[in-house]
Amino acid sequence: HVQLVESGGGSVQAGGSLRLSCAASGRTYGRNCMAWFRQAPGKERGGLAAIVTGGGNKYYVGSVEGRFTISQDSAKNMVYLQMNNLKPQDTGMYYCAARTDGNCGVWYLTTTSYFRYWGQGTQVTVS
């Protein structure tokens, strides 16, 4: 099992930046796929970015590529999402997710079903 805890959310003005953190514990060894999803009010949860732990390959959906950067600190079992040039439409609950079979990619960001483990989320509000 993998336990995930997000932090770093808050309120920011449009054009500002935030860095979200995801602390992972449990089965963190080996090749995992760690991802960030966002759920805006009244909308389904959608994938934003993913990274392969231990390998470093990164994947982004088009709406955030160039503005958001996913990264990891393997020694600390942390995954981050640096968000720049934030827009009001970036408002929502941000979730960290993990899958442990080693498969990762943009395709896996198309649905929450591909990820077994989830954090409780951290709220981001952009005004």
Side-chain angles (χ1 to χ4, degrees):
H1 294 284
V2 177
Q3 293 79 44
L4 304 171
V5 179
E6 303 96 333
S7 62
S11 297
V12 64
Q13 292 188 338
S17 298
L18 281 174
R19 189 177 81 153
L20 306 183
S21 299
C22 174
S25 60
R27 190 196 180 283
T28 58
Y29 54 87
R31 177 186 166 101
N32 296 328
C33 180
M34 303 291 294
W36 286 97
F37 280 71
R38 176 175 67 207
Q39 187 164 17
K43 296 188 177 181
E44 293 186 354
R45 197 174 299 185
L48 302 174
I51 188 168
V52 178
T53 61
N57 288 354
K58 303 177 183 181
Y59 308 93
Y60 298 94
V61 298
S63 61
V64 304
E65 193 160 19
R67 296 192 301 127
F68 291 9
T69 302
I70 191 169
S71 63
Q72 62 177 315
D73 184 332
S74 299
K76 297 180 179 179
N77 292 325
M78 297 289 294
V79 174
Y80 305 99
L81 186 69
Q82 177 67 42
M83 305 186 295
N84 298 327
N85 190 21
L86 283 162
K87 305 175 181 181
Q89 52 264 44
D90 293 318
T91 293
M93 188 71 78
Y94 284 69
Y95 296 91
C96 181
R99 54 181 291 126
T100 57
D101 68 353
N103 294 316
C104 202
V106 174
W107 176 257
Y108 292 92
L109 296 172
T110 61
T111 175
T112 59
S113 302
Y114 291 128
F115 290 85
R116 179 177 180 183
Y117 303 103
W118 292 86
Q120 293 187 329
T122 185
Q123 177 69 36
V124 172
T125 303
V126 185
S127 59

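Since we're looking at a predicted model, the values are computed, not measured.
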| Does R27 reach the side chain of N32, with side-chain heavy atoms less than 4.5 Å apart? | yes
| said: What's the separation between atom OH in Y80 and atom CD in Q72, rounded to the nearest 0.5 Å? | reply: 10.0 Å
| request: Check side-chain contact (heavy atoms from CB on, under 4.5 Å) between A40 and all other residues, then give those that pass, not counting sequence neighbours. | output: K43
| field | Shortest non-hydrogen contact between L109 and A35, atoms and distance | value | CD2-CB, 3.9 Å
| request: State, with a plain yes or no, whether a side-chain heavy atom of M34 is found less than 4.5 Å away from one of I70. | output: no
| Shortest non-hydrogen separation from V2 to A98 and the atoms involved | CG1-CB, 4.4 Å
| query | Which pairs, with at least one residue in residues 46-70 and sequence neighbours excluded, count as a side chain to side chain donor-acceptor pair (under 3.5 Å)? | reply | R67-D90
| request: Name all pairs fulfilling the ring-ring contact (aromatic ring centres under 6.0 Å, His included) condition that reach into residues 32-52, sequence neighbours left out, sorted by first residue then second. | output: F37-F115, F37-W118
| query | Can you name the ring pair (Phe, Tyr, Trp, His ring centres under 6.0 Å) partners of Y108, sequence neighbours left out? | reply | Y114
| remark: Sorted by chain and residue number, the side chain to side chain donor-acceptor pair (under 3.5 Å) partners of S25 (sequence neighbours excluded) come out as Q3
| Taking only residues two or more places apart in sequence or in another chain, which ones pass side-chain contact (heavy atoms from CB on, under 4.5 Å) with T122? | E6, L20, Y94
| From R19 CZ over to Q82 CD, what is the distance, rounded to the nearest 0.5 angstrom? | 7.0 Å
